[in-house]
Protein chains: 2
Amino acid sequence: MSPPSDKPEDPLAAAFFRPVRAGNAFEETVERMLQAIRLGVAAPGTRLPAERDLAVRLGISRVTLREALRALQEAGFVESRRGRYGGTFVRAAPDPPPPPQPAADLAAELADVLTLRAVLEPGAAEQAAARALPPRARRHLRASLDDCATAAPADYRRRDSRLHLAIAEATGAASVTAAVADARTRLNALLDAIPLLPPNIDHSDHQHTAVITAILDGDPPAARAAMTEHLAGTAALLRGFLS
Amino acid sequence: MSPPSDKPEDPLAAAFFRPVRAGNAFEETVERMLQAIRLGVAAPGTRLPAERDLAVRLGISRVTLREALRALQEAGFVESRRGRYGGTFVRAAPDPPPPPQPAADLAAELADVLTLRAVLEPGAAEQAAARALPPRARRHLRASLDDCATAAPADYRRRDSRLHLAIAEATGAASVTAAVADARTRLNALLDAIPLLPPNIDHSDHQHTAVITAILDGDPPAARAAMTEHLAGTAALLRGFLS
DNA sequence: GCGAAATGGACCGCCCTCGAGCCATTGGGG
DNA sequence: CCCCAATGGCTCGAGGGCGGTCCATTTCGC
């Protein structure tokens, strides 16, 4: 009998035989909390949910959650206080060490995340525009746009992230929000390696306005088109700096 | 001091404070392998990678992988043979028990997965059409389309899934393929609850042809439009049967 | 016929994670 | 003033998952 050939290796199989879990529970928890803090979902000064509550939400034991929180505390991201009305609070971020890119297969990561984003975000903008948004969501979109436009350069990326997440959230589908959040986290890791230029900010703000306006006007094609154009700018910028 | 209000509960936070892991390694592995078998990525008769290799790819220990494979074997999905050129082989699927929907928050799940799909798949089709596809990918798309068009009703959904995955794969971005695969798995769980009607199959085949033609012609807007129309049909069908 | 190679099968000791319970601290309300 | 409620801090025993190692089986090539 000749050896059963799995030589050609269906590339599709790679998508299924990929790692089942990203790491141990501790690491994944730290990563998730860091993501929430860096993307500005948990703003400085905010109190995180109580440990007993948060552990249940994250689907981990309180022991493991506490280990993660202790690591974040030692890194200066959060601060804990005991007693009634105590809790774990987000500190004004130190965020000093943007870890240098491993640069191993940076080109592949760049292409992958840009494609993923090009798939997700225009679709999210379109779906958001196609819904009858409740007043609360409309206000949230407007507020996020405003926050972004008035941000100091140091705050820009955090608020930019929040705006994009607000759009994803406006689709009403939690899994869309989760997917956009993951893509955004990967993108931010790449963005940390390149400078933030005022002309780009100005350009982005105009495009943000176009996207939000189209969503609030209930014009899906326009929302999609505006978002696609917006992403093209960032993509070109990243490719220019990292290729 | 008044209690720090986390009453309003930023809905965005829910996307970040969601469970870190879906279950234990054993369960997740069984689920992943079942996904590969049900979606036809691992076809009947195929040999799976050797345990030592597969365990590394899935990022789990061989012990845990073997427990998962043993469960699949007892359920009749795979069969193992020892010795050189032995291995674990996919059996012609029994697939008898489509577990009845929990139906708990079925409406929410339905809305979520349909929105996710509406975001992902038209975007994937558009991105695939925008690329210069290598000959191998073009052949794969044509073959998948043909497989789907000539499928017996019993095989239709498996081949349909493979076609959609082939489109995602054509974007060249592994994370897009992974996201589409996950959405498809959730969708299939819902589709199992409704009948497969010949007119729908015929309708789907025409739409599939339109999507693939647009992709091979390098016409992104047409690919997106054709896929959007295709998804609308399935979405309407599901909403009709499950609402 | 026989050894080498590749595979599934089985076991052991270590560490991570969990669930549960209890302690320590703080501020508000009676 | 004292007790209660809500929070973080801590510990213990049980079970799961891991890395490593060796065994059993089968087939190819010499």
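Residue numbers begin at 1 in each chain, while the letters A, B, ... track the order of the sequences. Values in this document were obtained by computation on a predicted structure and should not be read as measured data.
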Distance below 4.0 Å between T88(B) side-chain N/O and dG8(C) OP1 or OP2: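 The answer is yes; a side-chain N or O of T88(B) sits under 4.0 Å from OP1 or OP2.
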
N or O in side chain of S80(B) less than 4.0 angstrom from dT7(C) OP1/OP2: no

Whole angstrom value for the distance that separates [atom2] of [N] from [atom1] of [X]:
| X | N | atom1 | atom2 | result |
| --- | --- | --- | --- | --- |
| R66(B) | dG16(D) | CZ | C1' | 17 Å |
| E79(B) | dT7(C) | CD | C1' | 15 Å |
| F89(B) | dA6(C) | CZ | C1' | 12 Å |
| E51(B) | dC18(D) | CD | P | 14 Å |
| L69(B) | dA10(C) | CG | P | 13 Å |
| L58(B) | dC18(D) | CG | C1' | 15 Å |
| R70(B) | dA10(C) | CZ | C1' | 12 Å |
| R52(A) | dG9(D) | CZ | P | 11 Å |

Sugar-phosphate, base or nothing in reach of R81(A), heavy atoms under 4.0 Å: sugar-phosphate

Any I167(A) side-chain heavy atom under 4.5 Å of V180(A) side chain: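 Answer no - side chains too far apart.
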
Charged N-O contact under 4.0 Å between R158(A) and D155(A): yes

Selection residues 17-26 of chain A - residue pairs positive for salt bridge (charged side-chain N to carboxylate O under 4.0 Å, His left out), sequence neighbours left out: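 Residue pairs passing salt bridge (charged side-chain N to carboxylate O under 4.0 Å, His left out), neighbours aside: R18(A)-D182(B), R21(A)-E28(B).
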
Close N or O pairs between protein and nucleotides 16-20 of chain C (under 3.5 Å):
| from | atom 1 | to | atom 2 | distance (Å) |
| --- | --- | --- | --- | --- |
| dT17(C) | OP1 | A25(A) | N | 2.7 |
| dC18(C) | OP1 | S61(A) | N | 3.4 |
| dC18(C) | OP2 | S61(A) | N | 3.0 |
| dC18(C) | OP2 | S61(A) | OG | 2.8 |
| dC18(C) | OP2 | T64(A) | OG1 | 2.3 |

Residues which pass side chain to side chain donor-acceptor pair (under 3.5 Å) with T115(B), listed by chain and number, not counting sequence neighbours: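 For T115(B) there are no side chain to side chain donor-acceptor pair (under 3.5 Å) partners, ignoring immediate neighbours.
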
Ring-face cation of R81(A) near F89(A) (centre distance under 6.0 Å, axis angle within 45°): yes

Among dA4(C), dA24(C), dC4(D), the one nearest R84(A) by side-chain distance: dC4(D)

Any donor-acceptor pair under 3.5 Å from R47(A) side chain to T88(A) backbone: no

Flag for R184(A)-S161(A): side-chain donor and acceptor within less than 3.5 Å: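 Note: S161(A) and R184(A) side chains meet the donor-acceptor criterion.
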
